[in-house]
Asks: 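Please see the structure below; I have some questions.
These values consider heavy atoms only, across backbone and side chains, with no hydrogens, waters or symmetry-generated copies.
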Amino acid sequence: MKKALITGVAGQDGAYLAQLLLSKGYEVTGTIRRNSLDELERLRRLGIAERVQVVCAELTDANNITRLIRDGRYDEIYNLAAQSFVGSSWDQPIYTSDVNAIGVVRLLDAIRTFSPEARFYQASTSEMFGRVRETPQNEMTAFYPRSPYGVAKAYGHYITMNYRESFGMHASSGILFNHESPLRGPEFVTRKITLGLARIAAGEDHVIELGNLDAERDWGFAGDYVEGMWRMLQQDQADDYVLATGVTTSIRDFVGFAAAALGLSLDWQGKGDKETATDTATGRRIVEVNPAFFRPAEVDQLIGDASKARKVLGWCPMVEVAELAGMMARADYEDATGEQARNGVPAAVALRDLSDQPRHLS
Ligand code: NDP
Ligand code: GDR
């Protein structure tokens, strides 16, 4: 039986990856932080909380990382732990760098010393591309990060490459574009939108305040992306891969897709920070722009080219963005009302069905 370690197992990707590895017969150990509030909630929602061995670890603490790697004897180590919210990285740039940059070399150096045969996955990100100068972005596209988060992740990416080249370690980075799910943290824009729309569809008088509606992201389903992480570590040679859908969508259009899935139709009016959306059925304002959510430096548009992953890994995303928005909105509506969503199957069933279906994006 293979042994895997997932740092940040209580996060969105950690939960889906743990589910995938358990289904493949792995023994899964995952790290959480001792002070996390309800750290196992996502694992519980996937019904796997009892099957993951949980240990406490903090990426800023070199000694606990050393002990974790020295005592564990893992075949595969997936580094998903991070201060993952771009917006907070301007408020906590030093902490973000400590976790997302130096945390990676703490892990790599412990692996090099105590477990050099282990295979390592680093959670790199499309945020490293930042102000893009080439569309779509692939593994060769130059980085121009636009946030302390992106800068720190670029260090994590390069140090992973450097340990691979310097010490022959099996260390790979997945440059993943945005991926979402009903388990997405509520601070990220997609989940903020679906949580807000679910409250509105359930009859609440609620206004969703958003920042830049023009930003465009390449959104996929997290369940598909963890499959790509696993495939990277099954290759004979370690390497770097982009995972993306190749389709980009504005925040405004994501709102429209999620609203449509809940039977809401929107009327957009105004421009810039005066832009609003009203529910055509009730005339109520349900979206407005709040400049407090604008970022000091924005990543305007991301579109990934995952042809290398398609070719080498045989990886292919299976959920397109309107379906993803609907899946998330229906799950949140069910949570808000305890009812089945108006025009969809129950969200828990939808999740299973979607990850099982061999459908491809055109
Ligand atoms: P989440 O924020 O859902 O999960 C991150 C996890 O890391 C949380 O469980 C968090 O614990 C843990 N963590 C945070 N800080 C530390 C620390 N100092 N020491 C140990 N653990 C810590 O993120 P996702 O699951 O969405 O993302 C997984 C990884 O992939 C992250 O590295 C992210 O940056 C990267 N990524 C994500 C993408 C996406 O679209 N989802 C795209 C590209 C990259 P706690 O619950 O206690 O805060
Ligand atoms: P991102 O995701 O920064 O791409 O990072 P997020 O959902 O936070 O922002 C996406 C875009 O939406 C715009 N936006 C808003 N964002 C938030 N959070 N809240 C708002 O109200 C809002 N209004 C507009 C943002 O300005 C931005 O342009 C995610 C994280 O998962 C990272 O860890 C990961 O590396 C990248 O995706 C790929």
Asks: Would you call Asp305 and Arg310 a salt bridge, taking side-chain N to carboxylate O under 4.0 Å as the test?
Replies: no
Asks: Let me see the working for Arg217 and Glu298 under salt bridge (charged side-chain N to carboxylate O under 4.0 Å, His left out), right down to the final yes or no.
Replies: CA-CA 12 Å; Arg217 290 291 183 274; Glu298 180 61 286; 3.7 Å; yes
Asks: Do the ring centers of Tyr163 and Phe120 come within less than 6.0 Å of each other?
Replies: no
Asks: I'd like to know whether the aromatic ring centres of Phe221 and Tyr16 sit less than 6.0 Å apart in this structure.
Replies: yes
Asks: Has Thr31 got a side-chain atom pairing as donor or acceptor with Cys56's backbone, closer than 3.5 angstrom?
Replies: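 Side chain of Thr31 to backbone of Cys56, a donor-acceptor pair under 3.5 Å: no, none is there.
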Asks: Using a strict threshold of under 4.0 Å (side-chain N to carboxylate O), is an ion pair present between Asp332 and Arg191?
Replies: yes
Asks: Report the C-alpha distance between Arg284 and Glu204 in whole Å, list the side-chain angles of each, state the deciding distance to 0.1 Å, and finish with yes or no for salt bridge (charged side-chain N to carboxylate O under 4.0 Å, His left out).
Replies: CA-CA 11 Å; Arg284 275 188 194 154; Glu204 221 178 291; over 6 Å; no
Asks: Evaluate the criterion salt bridge (charged side-chain N to carboxylate O under 4.0 Å, His left out) for residue pair Asp214 and Arg252; output intermediate values, then yes/no.
Replies: CA-CA 7 Å; Asp214 294 319; Arg252 187 183 298 99; 2.8 Å; yes
Asks: Tell me the closest heavy-atom pair linking Ala198 and Ala329, and the distance in Å.
Replies: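 That closest heavy-atom pairing would be CB-O, 4.3 Å.
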Asks: Would you name the heavy atoms of Ser181 and Met328 that are closest together and state the gap between them?
Replies: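 Heavy atoms of Ser181 and Met328 come nearest at O-CE, 3.3 Å.
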Asks: Taking salt bridge (charged side-chain N to carboxylate O under 4.0 Å, His left out) as the definition, give me every residue that meets it alongside Glu41, ordered by chain and number, with sequence neighbours left out.
Replies: Arg44
Asks: Between Phe129 and Tyr144, is the ring centroid distance below 6.0 Å?
Replies: no
Asks: Would Tyr149 and Trp90 count as a close aromatic pair, with their ring centres under 6.0 Å?
Replies: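 No, too far apart.
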Asks: Please give me the minimum heavy-atom distance between Val189 and Trp219, naming the atom from each residue.
Replies: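 Reported closest heavy-atom pair: CG1-CZ2, 4.0 Å.
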Asks: Give a yes or no on whether Gln234 atom CD has more than 12 heavy-atom contacts from other residues, nucleotides or ligands under 6.0 Å away.
Replies: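 Enclosed.
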Asks: Considering all heavy atoms of both residues, which atom of Val207 and which atom of Arg285 are nearest to each other, and what is their separation?
Replies: CG2-O, 3.6 Å
